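Values below: all heavy atoms of this structure, side chains included; hydrogens, waters and symmetry mates excluded. A quick note: this is a predicted structure, and the numbers were derived from the prediction, not measured.
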Amino acid sequence: MFRWILGGREAQGSVEPVLCIGEEQPKNWFTELQVLKGHFDIVRFLVQIDDFRCASAGDDGLVLVWNVETGERLQELRGHSQQITAMTTFTCNNGALPHTSLITASSDKSLSLWDPDTGNRVQTISDLQSSVKCLLVLERLCVWVSGGEELCVWSKDFQLQCQRQNHSDTGVTALIELPKNCIAAAMDKVIVIYRLTVSTDSSLSMSEIRCLSDHQDQVRALININDGLFASGSHAGELILWDAVDWNILAYEHILWETPDHQREGEEDRMGDLILAAVGSVVAYRKVAHDSNVLHTMLLSDSELMSCSEDGSVRMWEIQDLPLPAEPTSPGFFGMWTFGRSNKQSGPPSKKPADVPHVRTLELTGDLIGHSGAVQMFVSFKENGLVTCSTDHLLILWKNGERQSHLRSLALFQKLEENGGL
């Protein structure tokens with residue numbers, strides 16, 4: 001069975017047929033897809049605006065707002081002259097109904113605030129010293145933070161509140177919020193903890209209070225786990241679990257590779273085709289998950305995971321108990337979590353996966369094939385569908401085919417009733 005639908009307001013030329021997921025994947029309900037065209041270069045970023053809208057951005061400098069129910073292109077935000085380097089939403093409540101705006105950063109060394117309802121650019125800053133690589137919104141303080149060669153804190157009105165100059169070659173590449181008005185910033189091999197202080201006159205100041213230098217290679221990712229925990233991952237495959245309040249190491253794991261070092265030279269991401277997930281006290285893994293580097297993952301529920309890769313696929317996974325005998329792994333892959341500070345000279349003693357409590361595997365339940373290039377990321381709208389973006393300049397809106405068919409039938413019957421029947 002084939003289904004293909006052209007998205008957007010206007011005709012975009014010939015439409016490529018896309019194969020529908022077949023019935024051999026009974027747990028995969030993404031059986032209908034809609035191609036959304038509008039970008040002219042790689043699409044790297046997706047953000048959810050509300051339950052029915054998302055925004056996309058990439059190397060063409062455009063920001064497009066989409067209706068995920070219909071696939072309609074609602075707004076086209078033009079203003080950046082070079083590629084978008086970061087994008088996020090900013091929701092602020094001024095006593096009335098909350099309103100969500102979009103903040104974008106570009107290689108043209110500018111920052112912009114957009115109204116996704118009207119498509120207007122509300123604020124812009126164009127005199128930055130360098131490009132911004134990451135953005136973080138602190139809704140409780142009603143401010144936002146930009147990271148690059150400088151770390152800057154801005155008000156909702158785009159007024160600079162405070163800033164810190166960074167001295168690393170890479171600048172700030174990732175930001176997360178921590179308790180007690182703190183933020184963590186990844187800079188090369190270190191994680192720097194900053195605290196924001198609000199004075200009596202409502203002005204903000206930022207001070208460095210801790211530098212975590214336990215990684216041996218560039219920190220590639222920071223992620224909040226809950227109010228008391230966050231995790232970091234490095235280019236060399238190190239995973240560190242941190243206490244979010246006192247910033248002590250709670251667990252350290254270094255993923256060891258079977259491939260010799262000389263064969264890995266030039267690899268952009270040593271995590272490769274591996275997926276590792278933690279849900280509460282349960283650790284789940286899949287050693288060979290994709291044919292190329294995994295670019296983005298997301299937990300859909302306590303038992304479901306989704307991933308996308310440079311191989312152009314989006315895959316659905318179910319967390320299951322390990323079969324007996326357990327799938328073989330590389331030495332040390334599931335070594336025991338080590339507590340306290342990491343031993344940089346030698347890794348912790350290794351154990352087989354079967355010897356480590358609460359270890360499970362990831363079973364493939366769905367394979368979404370539609371893009372012809374690397375899938376950069378995705379956003380889930382739950383029952384309303386899934387949106388993916390790719391280096392092929394396209395977005396794809398994946399939907400529950402059975403649900404969509406039911407909704408179309410209801411709409412048809414309603415229209416017949418309004419017209420007095422057949």
Task: Derivation and outcome, side-chain contact (heavy atoms from CB on, under 4.5 Å), residues K133 and T85 - done: CA-CA 6 Å; K133 298 180 179 180; T85 56; 5.9 Å; no

Open item on the list: Evaluate L394 against K37 for side-chain contact (heavy atoms from CB on, under 4.5 Å), listing each step before the verdict.
Closed with: CA-CA 6 Å; L394 300 177; K37 296 184 178 181; 3.5 Å; yes

TODO: Report the C-alpha separation of T100 and T91 in whole Å, then their side-chain angles, then the decisive distance to 0.1 Å, and conclude whether the side-chain hydrogen bond (donor to acceptor under 3.5 Å, both in side chains) test is met.
DONE: CA-CA 4 Å; T100 299; T91 302; 2.8 Å; yes

- [ ] Output, in order, the C-alpha distance, side-chain angles, deciding distance and verdict of side-chain contact (heavy atoms from CB on, under 4.5 Å) for V145 and E177.
- [x] CA-CA 10 Å; V145 185; E177 182 178 5; over 6 Å; no

Open item on the list: With side-chain contact (heavy atoms from CB on, under 4.5 Å) as the criterion, how do L362 and L305 come out once you've worked through the C-alpha distance, each side chain's angles and the decisive distance to 0.1 Å?
Closed with: CA-CA 8 Å; L362 296 171; L305 178 78; 3.5 Å; yes

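Listed here is the closest heavy atom pair of M187 and Y194: CE-OH, 3.6 Å. Closest non-hydrogen pair, G233 versus L239, comes out as CA-CD2, 4.3 Å. Looking at every heavy atom in both residues, D243 comes nearest to F230 through O-CE2, 4.0 Å. Of all non-hydrogen atoms in L64 and E76, the two that sit nearest each other are CD2-CG, 3.4 Å. Of all the heavy atoms in S155 and V143, the pair that sits closest is CA-CG1, 4.4 Å. Nearest heavy atoms, A174 versus C134: N-SG, 3.7 Å.
Here F45 contributes atom CZ and D59 contributes atom CG; the two are 8.0 Å apart, rounded to the nearest 0.5 Å. The structure places OG of S146 at 7.0 Å from CG of L151, a figure rounded to the nearest 0.5 Å. Separating the OG1 atom in T365 from the CD atom in E304 is a distance of 7.0 Å, to the nearest 0.5 Å. A distance of 16.0 Å separates CH2 in W114 from OG1 in T89, rounded to the nearest 0.5 Å. Distance check, rounded to the nearest 0.5 Å: CE of M377 to OG1 of T297 gives 10.5 Å. Rounding to the nearest 0.5 angstrom, the gap separating the SG atom in C308 from the NE2 atom in H290 is 7.0 Å.
Put simply, the side chain of K27 never gets that close to the backbone of L364: no donor and acceptor are under 3.5 Å apart. For N293 (side chain) and E310 (main-chain N/O), no donor-acceptor pair under 3.5 Å exists by modelled atom type. Between the side chain of T31 and the backbone N or O of G401, at least one donor-acceptor pair lies under 3.5 Å. At least one donor-acceptor pair under 3.5 Å links the side chain of Q25 to the backbone N or O of D367. Checking side-chain atoms of E208 against main-chain N and O of V192 turns up no donor-acceptor pair under 3.5 Å. Side-chain N or O atoms of T88 include none that pairs as donor or acceptor with a backbone N or O of L136 at under 3.5 Å. Between the side chain of S106 and the backbone N or O of I84 there is no donor-acceptor pair closer than 3.5 Å. R73 places no side-chain N or O within 3.5 Å of a backbone atom of L36 that could act as its donor or acceptor partner. No donor-acceptor pair closer than 3.5 Å links the side chain of S101 to the backbone N or O of D115. Counting only distance, with no hydrogens or angles, the side chain of S234 and the backbone of D217 share no donor-acceptor pair below 3.5 Å.
Each of D311, I396, V35 was evaluated against H371; a single residue qualifies, I396, per the side chain to side chain contact (heavy atoms under 4.5 Å, CB included) test. When L212, I193, L178, L222 are each tested for a side chain to side chain contact (heavy atoms under 4.5 Å, CB included) with W242, only one passes: L212.
By the 4.5 Å heavy-atom criterion applied to side chains, D214 and Y252 are not counted as neighbours. For the pair I209/C182, a side-chain contact is recorded, criterion being any heavy-atom separation below 4.5 Å from C-beta on. Residues R315 and L368 fail the side-chain proximity criterion, which asks for heavy atoms closer than 4.5 Å. The shortest side-chain heavy-atom distance between K180 and V245 falls under the 4.5 Å cut-off. M87 is not listed as a side-chain neighbour of L135, based on a closest heavy-atom distance of 4.5 Å or more. Annotation: side chain of R140 is in contact with side chain of N181 (closest heavy-atom distance under 4.5 Å). Put simply, the side chain of K156 reaches to within 4.5 Å of the side chain of F90, judged on heavy atoms. A heavy-atom distance below 4.5 Å is found between the side chains of F158 and W144.
Atom CG of D227 sits in a sparse spot, with 12 or fewer heavy atoms from other residues, nucleotides or ligands closer than 6.0 Å. Heavy atoms from other residues, nucleotides or ligands lying under 6.0 Å from CD1 of I223 number 12 at most. The environment of H406 atom NE2 is sparse: at most 12 non-hydrogen atoms of other residues, nucleotides or ligands sit within 6.0 angstrom.
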